[in-house]
Novice: 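There's a structure below that I have some questions on.
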Amino acid sequence: MTTAVPTAVHVTAMHMSDGLVNAPTAAVFGLVAVVAVALAATRSRADLDDRTAPMAGLVTAFVFAVQMINFPILPGASGHLLGGALVAILVGPWVGTLCIAIVLVVQALLFADGGLTALGTNITNMAVVGVWVGYGVAVALRRVARRSRAGLLATAFVAAFLNTVVAALAFVVEYAVGGAGGASPGTVLVLMAGLHALIGIGEGVITAATVGAVASVRPDLIHLLRRGSTTSPTSPTGTASSAGAPARADEGSPA
Amino acid sequence: MTRPARPTRDRSATGFLVGFLVVALLIAGGLSYFASADPDGLDSVTLDGCTVTETDAGERLDGTCIAQNAEDHALGSGPLADYAVDGAGGTVGLAGVIGVVVTVLVAGGVFGLLRRRGGPGGPGGTSGS
């Protein structure tokens, strides 16, 4: 069987193209992505102020830049940063979800990287699964991260490694649910897990290096290390806009 | 490492952010030339089972693999498609710089709109911006 595809599709494309999963599957994950991004937009407000908003913007641009850098993992195969743990550690999971989603939208619309109907799956895998797995691991290791610089770097590495592997497994799930065919889900599982275990090492190194660099200069900007920073700070109803609330949401922090 | 002193925080913050942007621009504009052109993890998997042959019409996939189901990108003929400016070779750096600028503007706009005005930590919103 022979199919002609345009050049460069496989040279520079980094994310799922259209057509790899069927339309219903793409639609379901499109809905997942919309809900996740809308929720993130609401919840991220608690983490965004005059100091952290510019940081979040630059972290987003940084992820875009680093995602361009494919590094070799095996002869004939490369990998690149996904960025889930990186953004979760630096700006928190809600803002981080938006960071990665923005990168994916810019890549799809401007650079034809990642299909348009595949935006839902790509956002689900990298902006939701990747970010939240990275965040969950980082929070689980937060005591280690706060103890020493080595602990922080180790936390970043482990969180990034796992965010890569689990994001890859999310694709396997989507393929198993509604894949277009061409390979058995079992084969896809083995290959995705194996390759992304290698890519995860690179993701871990880049994430640890970046977090370490920020920690050297502005440790106060690292969300994970901030005192009292939790995922669920205030309920969005408590619109204390300009109410000059002194302490950071110590009052009334339900659920 | 010395902790940035309070009074110089604004300047320090600006310097840090500018430095962050410069690093992103250098990576996208320069380091991108040294990126591996081999398929990434996902593409390696979707191409598994096929041999790729370069032809005038593009790449030809022989065999059976997932990538045969991939559809052309709807915006594949855009001016920055595939990280090249108007499809010209050797322009990945320029495309990357444009991408960083666009991304920082879009993200900065989104996060600027979402942010709570007047930081809680600072005494009364400080003077910045």
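Per chain, numbering begins at 1; letters A, B, ... match sequence-line order. Everything numeric here is computed off the predicted structure, so don't read it as measured data.
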Novice: Look only at the side chain of R116(B) and the backbone of R45(A), and say whether a donor-acceptor pair between them is shorter than 3.5 Å.
Specialist: yes

Novice: For the CG atom of L114(B) and the CZ atom of R43(A), what is their distance to the nearest 0.5 Å?
Specialist: 13.5 Å

Novice: Chain B heavy atoms under 4.5 Å from L110(A): which part of the residue, side chain, backbone, both or neither?
Specialist: both

Novice: Distance from L80(B) atom CG to L109(A) atom CG, nearest 0.5 Å?
Specialist: 11.5 Å

Novice: Which heavy atom of G76(B) sits nearest a heavy atom of A112(A), and at what distance?
Specialist: CA-CB, 3.9 Å

Novice: Is a side-chain N or O of S36(B) found less than 3.5 angstrom from the main chain of S78(A), in a donor-acceptor match?
Specialist: no

Novice: Is there any residue in residues 164-179 of chain A with a non-hydrogen atom under 4.5 Å from a non-hydrogen atom of chain B, and which ones are they?
Specialist: F171(A), Y175(A)

Novice: Can you name the nearest heavy-atom pair linking D38(B) to N70(A), along with the distance?
Specialist: O-ND2, 4.2 Å

Novice: Determine the option with the most heavy-atom pairs under 4.5 angstrom with chain B, choosing from C99(A), A183(A), G79(A), G181(A).
Specialist: G181(A)

Novice: Are any of the side-chain heavy atoms of F62(A) and I27(B) separated by less than 4.5 Å?
Specialist: yes

Novice: Please classify the contact of V100(B) with chain A as side chain, backbone, both or neither, using a heavy-atom distance under 4.5 Å.
Specialist: both

Novice: So which of I73(A), L98(A), V63(A) has the largest heavy-atom pair count under 4.5 angstrom toward chain B?
Specialist: L98(A)

Novice: Using a 4.5 Å cut-off on heavy atoms from C-beta on, say whether the side chain of S44(B) contacts that of L191(A).
Specialist: no

Novice: Would you check if F64(A) and V102(B) make a side-chain contact, meaning some heavy-atom pair closer than 4.5 Å?
Specialist: no

Novice: Measuring only between side-chain heavy atoms, which start at C-beta, is P54(A) closer than 4.5 Å to F111(B)?
Specialist: no

Novice: Are any non-hydrogen side-chain atoms of D82(B) and D113(A) less than 4.5 angstrom apart?
Specialist: no

Novice: Considering only heavy atoms, which portion of T187(A) lies under 4.5 Å from any heavy atom of chain B: side chain, backbone, both, or neither?
Specialist: side chain

Novice: Quick one, V66(A) and L31(B) - any side-chain contact, counting heavy atoms below 4.5 Å?
Specialist: no

Novice: Between H73(B) and G114(A) (side chain of the first, backbone of the second, donor and acceptor by atom type, cut-off under 3.5 Å), is there such a pair?
Specialist: yes

Novice: Checking D49(A) side chain against R115(B) main chain: does a donor-acceptor pair fall under 3.5 Å?
Specialist: no

Novice: Is there side-chain contact between M68(A) and V92(B), with at least one heavy-atom pair below 4.5 Å?
Specialist: yes

Novice: Considering non-hydrogen atoms only, spot the tightest contact between L42(B) and M192(A) and give its length.
Specialist: CD1-CE, 3.9 Å

Novice: What option among L26(B), I66(B), L105(B) has the most heavy-atom pairs under 4.5 Å with chain A?
Specialist: I66(B)

Novice: Counting only heavy atoms closer than 4.5 Å, note whether S44(A) contacts chain B via side chain, backbone, both or neither.
Specialist: side chain

Novice: Are V59(A) and F20(B) close enough that some pair of their side-chain heavy atoms sits under 4.5 Å apart?
Specialist: yes

Novice: Where on F111(A) is there a heavy atom nearer than 4.5 Å to chain B: the side chain, the backbone, both, or neither?
Specialist: both

Novice: Contact part of A84(B) toward chain A, heavy-atom cut-off under 4.5 Å: side chain, backbone, both or neither?
Specialist: neither

Novice: Check each atom of V110(B) against the heavy atoms of chain A and say whether the ones under 4.5 Å are side chain, backbone, both or neither.
Specialist: side chain

Novice: Flag the one option from I199(A), L116(A), V106(A) with the top tally of heavy-atom pairs under 4.5 Å to chain B.
Specialist: L116(A)

